[in-house]
There are 2 protein chains.
Amino acid sequence: MAAKRSDARSKQSQRIDEPLQPEQGPHGEPPLSRERIVAIAVELLDAEGTGGLTMRRLADRLGSGVMSLYWHVDNKEDVFDLALDSVLEYREPPQAIASGDWREEVVQMLGDWRAGMLRHPWSASLLPRRALGPNILGRLELLGNALSRAGVADADLNVAIWSLWNYVMGATITRANFDVPDHERAAAQQRLEHLGERYPTIERSRLLLDDDWDGVFRRGLDFLLDGLVP
Amino acid sequence: MAAKRSDARSKQSQRIDEPLQPEQGPHGEPPLSRERIVAIAVELLDAEGTGGLTMRRLADRLGSGVMSLYWHVDNKEDVFDLALDSVLEYREPPQAIASGDWREEVVQMLGDWRAGMLRHPWSASLLPRRALGPNILGRLELLGNALSRAGVADADLNVAIWSLWNYVMGATITRANFDVPDHERAAAQQRLEHLGERYPTIERSRLLLDDDWDGVFRRGLDFLLDGLVP
DNA sequence: ACCTGAACACCGTTCAAGT
DNA sequence: ACCTGAACACCGTTCAAGT
């Protein structure tokens, strides 16, 4: 049980001194760098989705040749890994949350996690196939720590972390993918009414019609936490 | 909140009478059909993973021209949708499970669901982006029905179904993607020991080292059910 | 109703070469 | 140390045409 590909380093030697203000290149373009590539990749993914990220298009936006990217990055997979992890970076120091109430703490952490991914809907569908980057690992560490302080036994920690991770991942993916654009909503409603005969329970539960995603997420999380720490 | 693309029908008119034994074509190849295309697509996905499914390769294996596929199928997306749903078909009538114990019933249903997907590891990563086909909807209906009989109030049914769906989906995806092939295991162990300094809780929980996936799945599911139906 | 090949507009990546 | 263009071996899908 281990992270795949998480040690994929590029050929680039590890830089110690990172210039904060990269000087402009001769033609107004800042020089290529791992960071710049990832930033633009995220932009591209936000704008066009998973299918829109192309090494050629990426190079275009960066004002460089396609093959120049390969100096900084192993391959396209690598770009995906880096883009995903970058989305899960913490924007504010997580200590701000650390109140006394562990449960509220966990709920906040997972809510922030979900929100970060929903800001970049492609990230949810990508998560399953990607390695665990440092930001993801950092969030898992924080989660485990909070659970441990809440009194979850070491023997159960494993299960507790995975359960919550799985729940958040599943909920985020579901939310990101089943949200129908407004102009399709009418057609979708129609189709589902027709489904009622074959799937009466689904219809009764309003499973596909209710759109209080945040509420469903929060209530389900509460149920799970009830089970984990009675 | 509604299924995307779930009404995508091909240009083919709805067949009422499906011949059980399609006669051989003149060159030993049975004629092209939606069913045959999907079956071979699943074979291809099992053998080569998501990246291995190509319209050209698919046509090759079917002994037909590439463009012939497009008569039976809308496009590559459509093939993915159909392949995914076909994997979730019930092999035995689900009534066999219906004992009296609703909880055991739910656990069995979800275990079977997960097992079906793990037999085709590509299906887990695919699920997030696909529409709800009839087999998926059928399983959701069955699940909701069992929960309802177990005493979950109609007002909570929505949350209960989604929570379990999210949990199973997350757990299956995690399992399918973090299972390291044996020959990579040694290297992975090494890497993770090195990680212990920065992520002490993760190390202590053996989050990435324990490989009792089935146990973790079952125990987490129990916790969730405890919360859902105390 | 069903199948086809040629053509179009793309892909990711290797390689040998430039500065 | 960093960047490059040409070339290779692929893609999915449109189209006009065949039976």
Side-chain angles (χ1 to χ4, degrees), chain A residues 5 8-19 22-37 40-41 44-45 48-83 129, chain B residues 5 8-19 22-37 40-41 44-45 48-83 129:
Chain A
R5 270 176 278 125
R9 306 296 305 157
S10 82
K11 284 147 281 179
Q12 188 181 213
S13 58
Q14 203 88 300
R15 287 249 208 87
I16 304 294
D17 49 333
E18 201 72 51
E23 63 268 32
Q24 299 285 114
H27 301 301
E29 295 286 1
L32 231 43
S33 71
R34 213 159 219 263
E35 289 71 28
R36 223 161 78 75
I37 292 176
I40 302 290
L44 206 46
L45 285 163
E48 320 247 13
T50 317
L53 180 56
T54 275
M55 295 306 269
R56 289 168 204 260
R57 269 203 265 209
L58 191 49
D60 254 23
R61 287 219 187 186
L62 286 158
S64 77
V66 201
M67 295 316 297
S68 312
L69 303 179
Y70 285 81
W71 178 262
H72 303 271
V73 137
D74 282 346
N75 46 36
K76 199 186 177 185
E77 291 272 284
D78 201 16
V79 177
F80 274 125
D81 285 349
L82 294 166
R129 280 190 286 181
Chain B
R5 269 178 279 124
R9 306 296 307 157
S10 83
K11 286 146 279 176
Q12 188 181 217
S13 59
Q14 205 87 301
R15 289 248 209 85
I16 305 293
D17 49 331
E18 201 72 53
E23 60 268 32
Q24 300 286 112
H27 301 300
E29 293 287 1
L32 230 42
S33 72
R34 215 161 217 262
E35 288 71 28
R36 223 162 76 77
I37 292 177
I40 302 290
L44 207 45
L45 285 163
E48 320 248 11
T50 317
L53 180 57
T54 277
M55 296 304 270
R56 290 168 204 258
R57 270 202 266 209
L58 192 49
D60 253 23
R61 287 219 185 185
L62 286 159
S64 77
V66 199
M67 294 317 298
S68 312
L69 303 179
Y70 285 81
W71 179 262
H72 303 271
V73 137
D74 283 344
N75 48 34
K76 198 185 177 185
E77 292 272 284
D78 201 17
V79 178
F80 275 125
D81 285 350
L82 294 167
R129 281 189 286 181

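Predicted model only: the values in this text are computed from it and were never measured. To find a chain, count down the sequence lines: A is the first, B the second, and so on, and within it residues start at 1.
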message = Please confirm whether the shortest side-chain N or O distance from B:W71 to OP1 or OP2 of C:dC2 is below 4.0 Å.
response = yes
ask   = Rounding to a whole Å, what distance do you find between B:R36:CZ and C:dC3:C1'?
value = 14 Å
Closest heavy-atom pair and its distance - A:L45, A:T50 = CD2-CA, 3.8 Å
key: Pair pattern of DNA chain D in dot-bracket, where unpaired bases get dots and | marks partners in another strand, Watson-Crick or G-U under 3.5 angstrom   = ||.|||||...|||||.||
inquiry  = Please give me the minimum heavy-atom distance between A:L44 and A:T54, naming the atom from each residue.
reply    = CD2-N, 4.4 Å
remark   = Nearest heavy-atom contact between B:N75 and B:Y70 is CA-CE2, 4.0 Å
ask   = If only side-chain N and O atoms of A:H72 are considered, is one of them under 4.0 Å from the OP1 or OP2 phosphate oxygen of D:dA1?
value = no
query = Which residues pass the side chain to side chain contact (heavy atoms under 4.5 Å, CB included) test with A:S68, sequence neighbours left out?
reply = A:L32, A:S64
task = Figure out the CG/P separation between B:L62 and C:dC3, and round it to whole Å.
result = 11 Å
query = Roughly how many Å is it from CZ in B:R57 to P in D:dC10, rounded to a whole number?
reply = 9 Å
task = Round to a whole Å and report the spacing from CG of B:L69 to P of C:dC3.
result = 10 Å
message = Between C:dC10 and D:dC8, how far apart are the two C1' atoms, rounded to whole Å?
response = 15 Å
query = What is the distance from NZ of B:K76 to P of C:dC10, rounded to the nearest Å?
reply = 17 Å
key: A:V79, A:D81, A:L58 screened by side-chain contact (heavy atoms from CB on, under 4.5 Å) with A:V73, the one that passes   = A:V79
ask   = If you look at every strand shown and take non-hydrogen atoms under 4.0 Å, does B:T54 touch a base, only sugar-phosphate, or nothing?
value = sugar-phosphate
Residue-phosphate contact under 4.0 Å: B:S68 side-chain N/O, C:dT4 OP1/OP2 = yes
query = Closest nucleotide of DNA chain D for A:R56 versus for A:S64: which of these residues is on the 5' side?
reply = A:S64
note = In 5'-to-3' order, the base (B), backbone-only (S) or no-contact (-) status of each nucleotide in nucleotides 14-19 of chain D, using a 4.0 angstrom heavy-atom cut-off, is BB----
query = If you round to the nearest 0.5 Å, how far is CZ of B:R36 from CZ of B:R61?
reply = 12.5 Å
Spacing between A:D78 atom CG and C:dG12 atom P, to the nearest angstrom = 14 Å
ask   = Where do A:L69 and A:I37 come nearest, in terms of heavy atoms and distance?
value = CD2-CD1, 3.9 Å
task = Identify the two heavy atoms, one from A:V66 and one from A:A59, that lie closest to each other, and give their separation to 0.1 Å.
result = CA-CB, 3.5 Å
query = Should A:R57 and A:E48 count as side-chain neighbours, where that means a heavy-atom distance under 4.5 Å?
reply = yes
Separation of the P atoms in D:dA9 and C:dA9, to the nearest angstrom = 22 Å
query = Just how far, in rounded Å, is P of D:dT13 from CG of B:L53?
reply = 11 Å
task = In whole angstrom, give the distance that lies between atom CG of A:L32 and atom C1' of D:dA1.
result = 13 Å
ask   = If the P atom of C:dA16 is compared with that of D:dC2, how far apart are they to the nearest Å?
value = 22 Å
